[in-house]
Structure formats: C-alpha cells, structure tokens
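Since the structure comes first, as structure tokens, the remarks are kept for the end.
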There are 2 protein chains.
Amino acid sequence: MALTYTSYIVLGLLEHCPGITPYELKGVVAQSVGNFWSVPHTQVYTEPARLAAEGYLKEERERGGRRRKRYTITAKGKSALREWVASPTSEFTELRDPGLLQLWMGADPVALGMVQAEVHRRRLEQYLEIRDTLPPGAPPGPAATLESGIGHEREWVRFWERLARDGA
Amino acid sequence: MALTYTSYIVLGLLEHCPGITPYELKGVVAQSVGNFWSVPHTQVYTEPARLAAEGYLKEERERGGRRRKRYTITAKGKSALREWVASPTSEFTELRDPGLLQLWMGADPVALGMVQAEVHRRRLEQYLEIRDTLPPGAPPGPAATLESGIGHEREWVRFWERLARDGA
DNA sequence: ACCGTCATGTAATCGGTTACATGATTCT
DNA sequence: AGAATCATGTAACCGATTACATGACGGT
C-alpha cells in the first residue's frame, strides 16, 4: 500500500495531537490544512483505519459511551512522515480551476469574472483574518503556507476583477 | 450519469475539432487545456466512449487499417456544453500543492524553496514562450487563461524564491 | 420522555490512475 | 526481415465522494 497525501495529512496532524478521535481530527483539519486542501469527513474516518492496519498508527477503542476509536502515531508512522517531509517534492500543481476551464471554453468573461472575483475576495478576507489572529509563537510552516494563500488569492482577485472590468 | 470536468473538456475540444480520433484528441489536449489541467491518455479513450453511449457524441469506426474510432459532437452534446459554459461556476479551487503540504508539515523552507522555485521558473518560461507564439487571431478564452497561468507562476516563483532566500 | 442535533461510522459507487496488451508504422 | 517506436485500446484496482444509517447527548 502506498501512502497518499491524505495519509501524510493524517500523520502530520496526529503527530501534533496524539490520542485524538476522528471527529476531533476533523476539526483540526478544518482549522489547519483544510484551508487549502479539503478532506471529506468520511476520509477522516477511513484513512486512520487504513493507516492503523499497516502499523503507522495505534488504534484504541474507548470502553464506555460511544466506544469511539482513538489514534496515536507510531514510530513507523513518524519515520514515514519525516522521510516524506525531508525529501522536497518537485511535484507540480496544476491550476485545475473550474472557472478557468469555463473561461477557456469561451464563457462570458464579465459574468464569470464577477462571480469568481467575489468568491476569491471573500476567501482572501478569511485568510487575512486568520493572519491577524495568529498567535506569536506559532510554528513557521502554517504561517508560511498562509502567506502563500494570501498571495495567490490576491492574484486571483486581480485577475478576475480585471476580466470583469475589461472583459478581456 | 453526470458530466464531469473531463467530459466538458472532451466536449469543448471536440466542438472545435469535429471527427477526430482519441489519439488526435490527446494531442489537442496536450497543447491546450493540458497546460493547466492534465488528462491521462487512457481517459481520452474512455471518456469519449462514455459520452457516446449517452448520446453526447457520435461514434464512427474506420473501415480499414487500425479501425479506430472517430467522434463527432451531437446537438445534445453541444447544448450540454453551452449550458455549462453559460452558468458561471462559483466553485472554488484549492491550492492542493504538495509542496505547500510539506511546508506546512515543517519541511526545510530553503531546500524545498529551491526545488519548487526551479520547477515554477521553468513552467513560467514555457508559458511566456507560448504567449510569444500565439497567433494574432486566436480566440480570447485560451489567451486569457494563459495570462492567468503566467500571473500565478510569477506568484509561485516570488513565493518560493523568497523562502529559499530568507528561510521564512 | 422526547426531539433535534451532534457524532460516528459503514456501504456502495465511480472516476481516475496504473498496468497490461496488441496492432500498425517506421527505420535500419 | 526485424527491432523499435507509435498508436490504440482493455482490464483491474483504488482512493475519494456520495448516500445511508445509527447511537449518544443536550435541552425542554
């Protein structure tokens, strides 16, 4: 079995929050990586199970109440994560933006631009708010990632607004 | 059956190049939408078949030689495409960049930045070359899409180079 | 006690990807 | 003629998404 990006997300978050349940994990994802990489809630339940089956995680079941599963990262899991993080990927991300696809196919630039500009303006605002409330002692990785997101959203807004205004 | 983004790519390209074979389509994809939205070659064979089964395309088989299939868009296909293009999506594209994920997880910013900056510099150059060789009478959609790609690659280069230089 | 929402999964589906396989052309 | 590559698919697998289902908890 190969580890996927989802796997590394689970491993990485579980390293910081050992012994949490899938539901708690869901919340952690939403407030962190989820800002630029969505993970549907069912995967938050299935992926830890997969990882546990292969020894990357340890699975414990609560006795009473909801008998829910709590996961902890193992030594094997930690080393797999470290190994991946330590070898810089040269993987390239495509834009894969549905709006761009419509634009390519000849959609009306003004109408499309207005809708998309609005969506990205809103997202940009969210990012800026998050940056404002970032605690001083926060780890550098997430902060840097946030900066990237802000830069890209600014670019998106610039692009779509120009299109909405000039129509080309 | 629902139409996917891949479906619209096939429909859109087939509208411009009626009666082509999957292999030819593969080439068209590579030189157009493929720049920002990759489609594996097997899908270029399977997706037209799916679409033809639902009446969006007409499938014809050559008599001699390789007996390959040639596809043409039908009226149903055209109207489906038009309908999609005409309703501006508010779908939001996440970054989903593996490099960003590594950065978030605490990768060394300098090492990662150097690798990623190089990748994006190269891609940016490719885009600029394409822009230079763009024929004057080209349709506006692809040109605008290209501008978007250039803007984003510039942003990526700026971001990763700063990271490689300053380490934060 | 009841009702609504939160929490926690399982099952089925499906597009996308990887692997494999074979038939034409082209080149030496 | 044989080798290498191009062209054209088929089959199998698998992660991701959608749908469905049920159990706990909190409030009234």
Side-chain angles (χ1 to χ4, degrees), chain A residues 1-11 14 17 19-31 33-34 36-54 56-57 59-71 84 91-94 96 98 101, chain B residues 1-11 14 17 19-31 33-34 36-54 56-57 59-71 84 91-94 96 98 101:
Chain A
M1 167 193 122
L3 295 179
T4 114
Y5 292 129
T6 307
S7 311
Y8 292 117
I9 291 176
V10 171
L11 288 175
L14 234 44
C17 320
I20 65 177
T21 72
Y23 183 73
E24 291 163 344
L25 184 60
K26 192 177 69 164
V28 175
V29 168
Q31 289 184 348
V33 187
F36 66 99
W37 195 303
S38 83
V39 184
H41 95 276
T42 47
Q43 261 190 274
V44 176
Y45 286 93
T46 51
E47 185 63 22
R50 266 192 355 127
L51 290 172
E54 300 287 327
Y56 296 99
L57 299 179
E59 179 180 319
E60 281 167 314
R61 196 120 195 180
E62 288 182 348
R63 300 252 181 259
R66 299 195 167 164
R67 296 183 37 75
R68 56 199 163 171
K69 297 163 183 169
R70 295 196 163 271
Y71 292 94
W84 177 69
E91 204 68 27
F92 186 87
T93 305
E94 301 143 25
R96 271 201 180 246
L101 210 50
Chain B
M1 170 193 120
L3 295 180
T4 114
Y5 293 129
T6 307
S7 310
Y8 292 117
I9 291 177
V10 171
L11 287 176
L14 234 46
C17 320
I20 65 176
T21 71
Y23 183 73
E24 291 163 345
L25 183 60
K26 191 177 71 164
V28 175
V29 168
Q31 289 185 347
V33 187
F36 66 100
W37 195 303
S38 82
V39 184
H41 95 277
T42 47
Q43 262 190 273
V44 176
Y45 285 95
T46 51
E47 186 62 23
R50 263 188 2 122
L51 291 171
E54 300 288 326
Y56 296 100
L57 299 180
E59 178 180 318
E60 283 167 312
R61 195 120 195 180
E62 291 183 345
R63 300 253 182 257
R66 299 195 167 164
R67 294 182 38 74
R68 57 200 163 171
K69 299 163 183 168
R70 295 196 164 272
Y71 292 94
W84 177 69
E91 202 69 25
F92 186 87
T93 305
E94 301 143 26
R96 274 203 177 241
L101 209 50

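Reminder, nothing fancy here: chain letters follow the sequence lines and each chain counts from 1.
Taking atom CD on A:Glu47 and atom P on D:dC14, their separation rounds to 14 Å, with Å as the unit. What separates CD1 of B:Ile9 from P of C:dG15 is a distance of 15 Å, to the nearest Å. Protein atom OH of A:Tyr8 is 18 Å distant from nucleotide atom C1' of D:dA16, rounded to whole Å. In this structure, B:Tyr45 places its OH atom 4 Å from C1' of D:dT8, rounding to the nearest Å. What separates CZ of B:Arg50 from P of C:dC14 is a distance of 10 Å, to the nearest Å. For B:Tyr5 and D:dA16, the OH to P distance is 18 Å, given to the nearest whole Å. In this structure, B:Lys26 places its NZ atom 15 Å from P of C:dT17, rounding to the nearest Å. Here D:dG15 presents its C1' atom at 13 Å from CG of A:Leu3, a figure rounded to the nearest Å.
With B:Arg50 contributing its side chain and B:Leu3 its backbone, the two residues share no donor-acceptor pair below 3.5 Å. In this structure, the side chain of B:Gln43 does not engage the main chain of B:Thr6 through any donor-acceptor pair within 3.5 Å.
Partners of B:Thr93 under the side chain to side chain donor-acceptor pair (under 3.5 Å) rule, at least two apart in sequence or in another chain, are A:Asp97. Partners of B:Glu59 under the salt bridge (charged side-chain N to carboxylate O under 4.0 Å, His left out) rule, at least two apart in sequence or in another chain, do not exist in this structure.
Below 30°, between 30° and 60°, or above 60°: for A:Trp37 and A:Tyr5 the angle between ring planes is above 60°, a perpendicular geometry.
Put simply, A:Arg68 has no side-chain N or O that comes within less than 4.0 Å of OP1 or OP2 on C:dG9.
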Exercise. Would you sort out whether A:Leu57 and A:Val10 count as a side chain to side chain contact (heavy atoms under 4.5 Å, CB included), showing the intermediate values?
Key: CA-CA 10 Å; A:Leu57 299 179; A:Val10 171; 4.3 Å; yes
Can you tabulate the close N/O pairs, meaning under 3.5 Å, that link protein atoms to atoms of nucleotides 17-20 of chain D?
residue: D:dT17; atom: OP2; partner: A:Gln43; partner atom: OE1; Å: 3.3

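Considering only the side chain of A:Thr6, D:dA16 comes nearest among D:dG9, C:dT10, D:dA16.
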